[in-house]
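Each chain gets a letter, A, B and so on, in the order the sequences are listed, and its residues count up from 1. All values below come from the heavy atoms of this structure, side chains included, with hydrogens, waters and symmetry mates left out.
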Amino acid sequence: MSNDSLVVCNNLTKRYGDFLALSNVCLNLPAGKIIGLLGPNGSGKTTLIKLFVNLLMQYDGSILINGNKPGVATKKIISYLPDRNFLSDKWSAKDAMAYFKDFYDDYNDEKANRLMNELHIDLSKRFKALSKGTKEKVQLALVLSRDAKLYLFDEPIAGVDPAARDYIFKMILDNYNKDASVILSTHLISEAEEILDHIVFIKEGRVVLSDDKQKIIEEKGKSINDLFREVFRYA
Amino acid sequence: MRKLLKHGFKESWLEVVILNACVIVSSIVLFIGIATAQMFLLTIGTAVFIGALASAGVIILMSISRSFHKKLFTNEGYLTLTTPVSLDKLLLSKIIVNMIWIFATVFSFAISIFIMYAGIIILAGPAASFIFGVLVELIAQNPLSFILGIITFLASVLFFLTALLFIIVLFNTGHKKRFKILKGILLYYAFGIVFTMISYAVAYFLLFYPITRTVVTIVIMLGLSVAFYFLSRFVIMRKLELE
């Protein structure tokens with residue numbers, strides 16, 4: 001593991017029954033960068049993220065995050081936004097903030113209140129009374145309210161309109177802990193390309209490319225979006 | 001653990017408190033109805049008390065299932081299982097919270113019976129209090145049986161909770177998740193049948209040794225509870241795949 005690596009995977013393999021979701025993935029993700037985990041639907045992006053956050057505990061190979069195997073120690077430094085609503089419908093934003101305050105040492109209550117205020121969230125309203133978009137905003141605000149070492153965003157812009165996508169990226173860029181790394185999984189490359197520092201292409205459970213964005217652009221002589229279309233071209 | 005317990009109670013207090021409040025209030029209504037011989041109060045009190053009695057099992061079972069199932073195996077699991085606490089603390093906190101709710105419910109039913117009985121004493125005079133005397137005498141004569149009875153109750157609650165946890169875990173992990181409620185009920189009955197057979201075998205071989213029989217039954221229940229707990233933990237670690 002190099003000194004500036006935050007996430008290191010060696011021969012990481014994950015199967016769901018007979019289906020091979022990840023095959024011998026070797027990755028060395030740098031600290032302090034915004035990393036794009038790019039690939040089409042079903043390529044293994046979510047599986048990889050679930051392994052990082054310890055939602056999947058059975059795998060072959062090794063994963064080290066900040067020098068630790070996924071577990072309690074890594075959960076303390078990872079702020080994770082899944083691709084679905086993970087908050088109880090019985091809760092209000094205030095309840096969710098209380099939960100984060102109790103369990104995450106790096107939770108910043110002041111930042112959470114500021115973000116909720118900026119997003120015009122009614123803190124006492126239960127989630128079942130909120131729209132899907134508002135719930136997503138609350139979740140994003142909560143995840144960004146942590147001064148984490150690693151942020152994991154699983155498809156944060158899927159299913160939202162282009163204007164909202166820009167807003168989400170802006171919110172992430174303005175509010176994440178600048179010393180931290182961000183892993184952003186998406187299949188919407190053109191929208192995400194601009195903000196990324198490091199690119200990982202994942203195809204059918206294999207990492208086919210992992211490198212610095214500028215280096216890739218210089219070496220290949222094309223944009224990440226064009227390269228993505230080339231690598232993931234349907235036969 | 002303290003924070004997990006706090007949030008566990010916060011999540012589930014409402015229905016249990018309403019249930020227990022219904023039990024206590026209906027018993028007070030019955031107490032007044034019995035003591036003053038008012039048919040109207042007796043009717044209302046009896047209806048609410050029987051309603052609470054009939055629904056107690058369902059409410060408690062639903063509350064337990066929700067705390068295990070919803071918090072671990074639905075979308076909410078994405079938050080629960082990424083919270084920086086160990087899996088053991090997570091599972092144990094849920095078992096403790098549910099145990100306390102079951103004890104609270106049993107306790108409130110016991111209190112309500114005493115309240116109603118107090119109404120009978122007022123109506124029929126002090127002579128009716130002889131049952132208390134008999135009860136105290138029985139406990140005084142055989143305190144060990146009384147203590148073993150309480151331990152048996154605690155062990156059976158733990159057995160029930162861990163068996164339920166194991167069934168919920170089993171049918172929420174892996175890919176084959178069809179008919180999981182039906183399969184869960186059938187498996188629970190299967191566990192019940194096996195445990196009853198074991199209990200009968202113990203009773204048969206230790207027919208003339210009641211204390212030993214009770215102790216053996218407690219040990220079996222505690223052993224099975226530990227087994228269910230570790231099996232649940234093992235299955236979660238090996239097979240959990242949140243959708």
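Heavy-atom pairs under 4.5 Å with chain B were tallied for A/Thr74, A/Leu55, A/Val53; the largest tally goes to A/Leu55. In terms of non-hydrogen atom pairs under 4.5 Å with chain A, the most contact-rich of B/Val85, B/Leu87, B/Thr83, B/Ile236 is B/Thr83. The greatest number of non-hydrogen atom pairs below 4.5 Å with chain B, out of A/Asn54, A/Asn85, A/Val72, is found for A/Val72. Contact count against chain B (heavy-atom pairs under 4.5 Å) is highest for A/Arg84 among A/Arg84, A/Lys76, A/Met57.
A/Tyr80 touches chain B through its side chain: at least one heavy atom from C-beta onward sits under 4.5 Å away, while N, CA, C and O do not. Both the backbone and the side chain of A/Ala98 come within contact range of chain B, each with at least one heavy atom under 4.5 Å from a heavy atom of that chain. Interface remark: A/Phe100 contributes side-chain atoms only to the contact with chain B (heavy atom separation under 4.5 Å).
Using a 4.5 Å heavy-atom cutoff, the side chains of B/Leu164 and B/Leu61 are in contact.
Side-chain N/O atoms of A/Tyr107 and A/Asp109 include a donor and acceptor closer than 3.5 Å. Using a 3.5 Å distance cut-off with no hydrogens or angles, the side chains of A/Ser43 and A/Asn41 do not pair a donor with an acceptor. No hydrogens or angles considered: nothing links the side chains of A/Trp91 and B/Glu76 as a donor-acceptor pair under 3.5 Å. Neither side chain, A/Asn108 nor A/Ser145, offers a donor N or O lying under 3.5 Å from an acceptor on the other. Side chains of B/Asn98 and B/Ser63: no donor on one and acceptor on the other come within 3.5 Å.
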